[in-house]
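For reference, the structure is listed below as C-alpha cells.
We number each residue from 1, following the sequence as shown.
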Amino acid sequence: MYFVSVSADECSATVLIHNEHLINWGLTEKDLYEVAYENTLKKRKASILHMKDIIKDMVIERITGSADILAEDTEYGGKSKDEIEEMVEEEIDKIKKRQPMEMFILTNDIKTNGAICMMYPNVLKDFANEQDVDLFIIPSSVHEVILVPKEGGSAKRLNEILNDVNQNSVDPIEILSNRIYSYSRELDEVVIEEV
C-alpha cells in the first residue's frame with residue numbers, strides 16, 4: 001500500500017493511492033515504489049525507543065493528562081515531577097524483574113506507518129550490532145515493529161502474543177502479519193521465524 005501525505009497548518013493526513021491514480025499519473029507500480037522509498041527515507045527518520053520509555057510516557061500521561069514533559073513547578077496528586085518520574089521508574093523496574101525480556105519499538109519520527117523502517121538500509125543491522133544480539137521482529141502494526149533480543153525471548157511465546165494482540169487489539173486494516181520474524185547478524189537477513 002502506498003500513501004500520499006497531506007499537511008495543512010497543524011493538521012496532517014494520509015490518502016491511500018489506488019491503481020486509478022497510477023493510471024492518471026502515468027506511473028507504473030515500480031515508478032511509485034522508487035519515489036515512495038526515496039521520499040520515505042528522506043522525510044521519515046527511523047526511531048528506536050526502549051519499551052520502558054514508552055510505558056513510562058504512557059503512565060505519566062495518564063497521571064498528568066499530558067504527554068508533554070512534566071512541569072517542574074506543578075504538583076500532581078501532591079507529588080512533584082521528580083517524585084512522579086521516580087515512582088513510575090520503580091513500578092516499571094518491578095515489572096521488568098517479573099518479565100525480564102527487553103523490548104524496543106522501531107518506528108518513524110511521527111510514529112505513524114513506521115513499520116516500514118525495518119526496511120531502511122542498515123537499521124536492523126546497526127541496532128543488532130549495537131546490542132550485540134540477533135533479533136526477533138514482532139510486526140505489531142503498520143505503525144511499528146517490536147524488536148526483542150533473541151536471547152531474551154521465546155519464538156513460540158512471542159508468536160502467541162502477536163496472534164492474541166492481532167485478534168483482540170489491532171484494527172484489522174493495521175495488521176501486518178500473524179507470524180514473527182528474525183534478523184540474523186551473521187547472514188544480515190530477515191526471515192520468518194519457525195515456531
[X]-[Y] co-clustered via ILVMFWY side chain contacts under 4.5 Å:
X: M51; Y: L147; answer: no
X: V142; Y: I138; answer: no
X: V145; Y: V190; answer: yes
X: Y37; Y: F3; answer: no
X: I137; Y: M103; answer: no

Side chains of [X] and [Y], heavy atoms from C-beta outward: is any pair under 4.5 Å?
X: Y2; Y: E29; answer: yes
X: E189; Y: V191; answer: yes
X: L22; Y: N19; answer: yes
X: I17; Y: V4; answer: yes
X: L41; Y: P121; answer: yes
X: I110; Y: R44; answer: yes
X: L49; Y: F104; answer: no

Quick one: does any side-chain atom of [X] pair with a main-chain N or O of [Y] as donor and acceptor, under 3.5 Å?
X: N108; Y: K111; value: yes
X: D31; Y: L27; value: no
X: T40; Y: E38; value: no
X: S140; Y: E144; value: yes
X: S12; Y: V6; value: no
X: D9; Y: C11; value: no
X: H143; Y: N113; value: yes

Using the rule given for ring-ring contact (aromatic ring centres under 6.0 Å, His included), can you reason through F136 versus Y183, listing the C-alpha separation, both sets of side-chain angles and the distance that settles it, and then say yes or no?
CA-CA 6 Å; F136 287 122; Y183 171 78; over 10 Å; no
Would you give the length of the straight line joining atom [atom1] of [X] to atom [atom2] of [Y], rounded to the nearest 0.5 angstrom?
X: I146; Y: E102; atom1: CD1; atom2: CD; result: 13.5 Å
X: N163; Y: N159; atom1: CG; atom2: CG; result: 5.0 Å
X: M1; Y: I116; atom1: CE; atom2: CD1; result: 11.0 Å
X: L187; Y: S182; atom1: CG; atom2: OG; result: 9.5 Å
X: K43; Y: S5; atom1: NZ; atom2: OG; result: 8.0 Å
X: S141; Y: N166; atom1: OG; atom2: CG; result: 9.0 Å

Could you pull out the closest heavy-atom pair between [X] and [Y], with the gap in Å?
X: S177; Y: L162; value: O-CD2, 3.6 Å
X: L176; Y: P139; value: CB-CB, 3.9 Å
X: L135; Y: L124; value: CD1-O, 4.2 Å
X: R185; Y: D134; value: N-OD1, 2.9 Å

Between K45 and D109 (salt bridge meaning N to carboxylate O under 4.0 Å), is one present in this structure?
no
Regarding E193 and K150, does a basic nitrogen lie under 4.0 Å from an acidic carboxylate oxygen?
yes
Are R179 and E194 close enough, and set up right, to give a side-chain contact (heavy atoms from CB on, under 4.5 Å), and what steps lead you there?
CA-CA 9 Å; R179 300 283 301 276; E194 295 301 321; 4.0 Å; yes
